[in-house]
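Down below is the structure, laid out as structure tokens.
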Amino acid sequence: MYWADELAASVEGPQVVNDSKTPSGTVHVGSLRGPVILDVIARALRDRGVPTTLLYGVDDMDPMDAQALLTPDAVDHEMGRPLAHVPDQTGDCHASYARHHAQTFIDIFAGLGIHPDRYYWMSDIYPTGAMDPFIRAALERAQVVRDVYLRVSKVERPAGWLPVQAVCPSCGKVGTTIALDWDGETVRVECRPDYVTWARGCGFDGRISPFGGAAKLYWNLEWAAQWSLFGVTIEPCGKDLATAGGSRDRADAIAREVFDRAPPRNLPYEFLNIGGRKMSTSKGRGAAAHRIVEVLPPEPLRLLFLRPRPNQAIEFDPEGTDAIPRLFDELDRLAAAVAGKPYRGELPPDPERLLAFVQLDPAPPERLAEAAATYRPAFAHLALLAQIPGVDIAARVADEKGAPLAAAEEGTLAERLAAARAWLDAYAPASAVVRVHRDALPPEAAALGEDQRLFLGALALAAGEEDPHGGDAWQGLLFRVAGEAALPAGRAFGAVYLAFLGRPNGPRAGWLLASLEPGFVVGRLRLAAGWHDRARGAGQEAEA
RNA sequence: GGGCCCGUAGCUCAACGGUAGAGCGGGGGACUCUUAAUCCCUAGGUUCAGGGUUCGAAUCCCUGCGGGCUCACCA
């Protein structure tokens, strides 16, 4: 059984599925694994008739602690302030740094078929007072919290430490404050210059009421408080949090011992690594989630996350590899299998469910076969066609299908063609790129045999005499000259590709040559044939 | 040091208790108007090592070795 179905089968009663994210900067592709897993769990629950609520939160009261995306003069002022209070650095009309990065990320969800029932922002929640009971409980049981930190994570807090962080009334920073001396209504707040290394406090020292948004819980407690506030029953989390003695263990213990509640069901999931290494937020082309989405349409992207089990690390290396074409191929193979068409290789367990979860819309089972059977043009082939001038791609694809494309199939074609172009532009390995060497004979042409050179020379002569126009004319000429030279077609075409592309194969040669200026073609043919001395004059003659 | 993941054909990976499979690469073959980036054929690998459970293990358990990520400050 598919893992999400197993999870769905193991719970009772209505479920609240939750995930949240701290928008500390640009969010990369790997972070989409959580939302996709969340969505699939919700779908699996609903498919079993379990009433389900899907929540997605933004922990935007957390302190700004990464200066990479701040302008140098902003660092001193902004570091340590709540992310929701830091101005948007890109100036594109978001209310804050947090809104900018979180919204850019969230905007991807709908396109991926992920539709939480509710988004919540902690900067909205704290002022309502909804967190106050949890702040009070945490303050009352501060000693329990300290014990949990020590027992679960071997972390010892400084003397007098309380599990809340006030927003400094003077400088507005939250990362630099320590709360002390809870008297039942107020805490003493010190905004210390050296409390953390990454931000500098202003030195404020005074008493405040920690309620109504004046203070926030430390993130671990905030997490546990969210579970109580929203009644969360299932919450997956990434392995950075799920590690033994890590944040999740602390939050679980705090839920039980401070907020008197069983923690939600966990589903730890592994990361997605780009090229064998962890992704970097600030560098690395295509690592940003909103950029990958430009190259990978929703279905293959969902497949990337859903094909492996959640606890399996995903290695994804789009740079200069065939990782992206293979993802499309895997999707097509899966669809073919579900549609009852022939396929090769082994299938994952429960292919029907996997394909259903890969679909953008949760389609009823009876429509799955229909969706699976739609014609999907091969990505690698589209990438090739996209590089050949003068090809009517839609007509060619319809030809291959053997019937006119349905509207949905035309959509798939357009989507894949755009993806193929983006892939060629940003990621494709050299072997997938067809490029005419215009300036000089490709070095690879040195491998041309004498028979091939003779053929190219003969082709140049024939072309000069007949001045072929169009792909068909060129293609016919190629075959005829090859036949007259008694050269096997394979060697003849190979010679043309070497002379123009520097590679032994390529797109249909006739149409390739027809797309280039006749003078260039003839000149290049002569050059490749070894007729350097006469190339210039003959080329002019041919052009005349 | 703790946790998780991985170690299967040259490379990338699948199969996850029942006779080891794909893609790419490599090798062989086919083709006069043709998706020459196509089609057909071709992979014999102590499934990292050692032990255990089982009628049966790549698959489950234990140990070891190697690699990756992650936590131990914050989130």
Side-chain angles (χ1 to χ4, degrees), chain A residues 20-25 30 59 61-66 80 83 152-155 165 175 196-199 218-220 222-223 237-251 268-273 275-279 307-317 321-323 325-326 329-330 333 343-349 377-385 387-388 391 393 396-397 399-400 429 431-434 471-484 487-494 496-497 501 503-512:
Chain A
S20 66
K21 175 123 193 78
T22 300
S24 50
D59 302 324
M61 281 304 285
D62 294 344
M64 177 79 186
D65 66 353
L83 291 159
V152 176
S153 304
K154 299 189 178 73
V155 171
Q165 282 195 294
V196 292
T197 56
W198 39 271
Y218 270 92
W219 182 74
N220 264 285
E222 187 173 294
W223 196 7
C237 69
K239 71 130 159 234
D240 54 336
L241 307 174
T243 192
S247 285
R248 182 58 177 246
D249 281 354
R250 280 200 299 275
Y269 55 88
E270 265 281 353
F271 282 2
L272 177 142
N273 300 320
R277 32 189 84 192
K278 74 175 231 175
M279 283 174 303
R307 175 76 163 80
R309 294 183 300 275
N311 69 347
Q312 253 181 318
I314 300 174
E315 293 293 337
F316 183 61
D317 187 8
T321 70
D322 63 350
R326 287 197 50 196
D329 290 346
E330 176 70 5
R333 204 173 64 90
Y343 63 93
R344 296 185 177 219
E346 300 286 329
L347 290 178
F379 181 86
H381 187 207
L382 286 181
L384 170 70
L385 290 176
Q387 296 178 85
I388 309 171
V391 173
I393 295 178
R396 191 158 296 280
V397 168
D399 216 44
E400 285 163 29
S431 61
V433 177
V434 172
D472 283 315
W474 271 106
Q475 194 77 356
L477 189 65
L478 280 165
F479 275 104
R480 212 188 69 223
V481 175
E484 287 166 358
L487 188 67
R491 279 189 72 73
F493 279 88
V496 172
Y497 296 125
L501 307 175
R503 42 184 292 157
N505 48 35
R508 301 174 72 198
W511 283 262
L512 174 67

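Convention: sequence-line order gives letters A, B, ...; per-chain numbering from 1. Every value quoted in this text rests on a predicted model; they were computed, and no experiment measured them.
Rounded to an integer number of Å, the gap from CZ of A:F316 to C1' of B:C13 is 15 Å. Distance A:L347 CG to B:A15 P: 10 Å, rounded to the nearest Å. The nearest whole Å value for the distance from the CG atom in A:L385 to the P atom in B:U38 is 11 Å. A straight line from CG of A:L512 to C1' of B:A36 spans 12 Å, rounded to a whole angstrom. The interatomic distance linking A:E484 (CD) with B:U32 (C1') rounds to 12 Å, in whole Å. Taking atom CZ on A:F493 and atom P on B:C39, their separation rounds to 17 Å, with Å as the unit. A:Q387 has its CD atom 16 Å from the C1' atom of B:A36, to the nearest Å.
Checking side-chain atoms of A:E270 against main-chain N and O of A:N311 turns up no donor-acceptor pair under 3.5 Å. A donor-acceptor distance shorter than 3.5 angstrom exists from the side chain of A:R333 to the backbone of A:E346, with no hydrogens or angles considered. Here the side chain of A:S153 pairs a donor or acceptor atom with the backbone of A:G245 at under 3.5 angstrom.
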Distances under 3.5 Å between protein N/O atoms and the N/O atoms of nucleotides 4-11 of chain B, please, pair by pair.
residue	atom	partner	partner atom	Å
B:C4	O2'	A:E270	OE2	3.2
B:C4	O2	A:E270	OE2	3.3
B:C5	OP1	A:N311	ND2	3.4
B:C5	O4'	A:E270	OE2	3.3

Any protein N or O atoms within reach of nucleotides 73-75 of chain B? Criterion: under 3.5 Å, listing atom names and distances.
residue	atom	partner	partner atom	Å
B:C74	OP1	A:R157	NH1	2.6
B:C74	OP1	A:R157	NH2	2.5
B:A75	O3'	A:T22	OG1	3.0
B:A75	O3'	A:D62	OD2	2.3
B:A75	O3'	A:W219	NE1	2.8
B:A75	O2'	A:T22	OG1	2.7
B:A75	N6	A:S247	OG	2.8

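Nucleotides B:A57 and B:G18 are separated by 10 Å at their C1' atoms, to the nearest Å. The gap from the C1' atom of B:C5 to that of B:C13 amounts to 15 Å, rounded to the nearest Å. Comparing the P positions of B:C6 and B:A14 gives a spacing of 9 Å, expressed to the nearest Å. Between B:G29 and B:A36, the distance separating the two C1' atoms is 14 Å to the nearest Å. Only the C1' atoms considered, B:A22 is 11 Å distant from B:A9, to the nearest whole Å. Between B:U63 and B:U42, the distance separating the two P atoms is 44 Å to the nearest Å. Straight-line distance between the C1' atoms of B:G50 and B:C65: roughly 11 Å, to the nearest whole Å. On the P atoms, B:G67 is 31 Å away from B:U53, given to the nearest whole Å.
In terms of the side chain to side chain contact (heavy atoms under 4.5 Å, CB included) criterion, residue partners of A:V196 (sequence neighbours excluded) are, by chain and number, A:T176, A:W198, A:A199. Residues forming a side chain to side chain contact (heavy atoms under 4.5 Å, CB included) with A:A380 (at least two apart in sequence, or on another chain): none. Applying the side chain to side chain donor-acceptor pair (under 3.5 Å) criterion to A:W474, with sequence neighbours excluded, gives no partner residue.
In plain terms, the two heavy atoms of A:N220 and A:S247 that are nearest each other are OD1-O, 3.0 Å. Shown here for A:A242 and A:P268, the closest heavy-atom pair between the two residues is CB-CB, 3.7 Å. Residues A:V496 and A:A509 share a closest heavy-atom pair of CG1-CB, 4.3 Å. Of all heavy-atom pairs spanning A:S24 and A:D65, the tightest one is CB-OD1, 4.4 Å.
In this structure, A:K239 satisfies the cation-pi test against A:F271, with its NZ or CZ atom closer than 6.0 Å to the six-membered ring centre and inside 45 degrees of the ring normal.
Between A:E484 and A:R480, at least one side-chain nitrogen of the basic residue sits less than 4.0 Å from a carboxylate oxygen of the acidic one, meeting the salt-bridge criterion.
Nearest to the side-chain atoms of A:A244 among the listed nucleotides B:A14, B:G2, B:U70 stands B:G2. Taking every side-chain heavy atom of A:P349 into account, B:A15 is the closest of B:A36, B:A15, B:U70.
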Task: Footprint string (nucleotides 21-27 of chain B, 5' to 3'): B base within contact, S backbone only, - free, heavy atoms under 4.0 Å - done: SSS----
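OP1 and OP2 of B:C31 both lie 4.0 Å or more from every side-chain N or O belonging to A:R491.
The residue A:G245 sits apart from the nucleic acid: no heavy atom pair falls under 4.0 Å.
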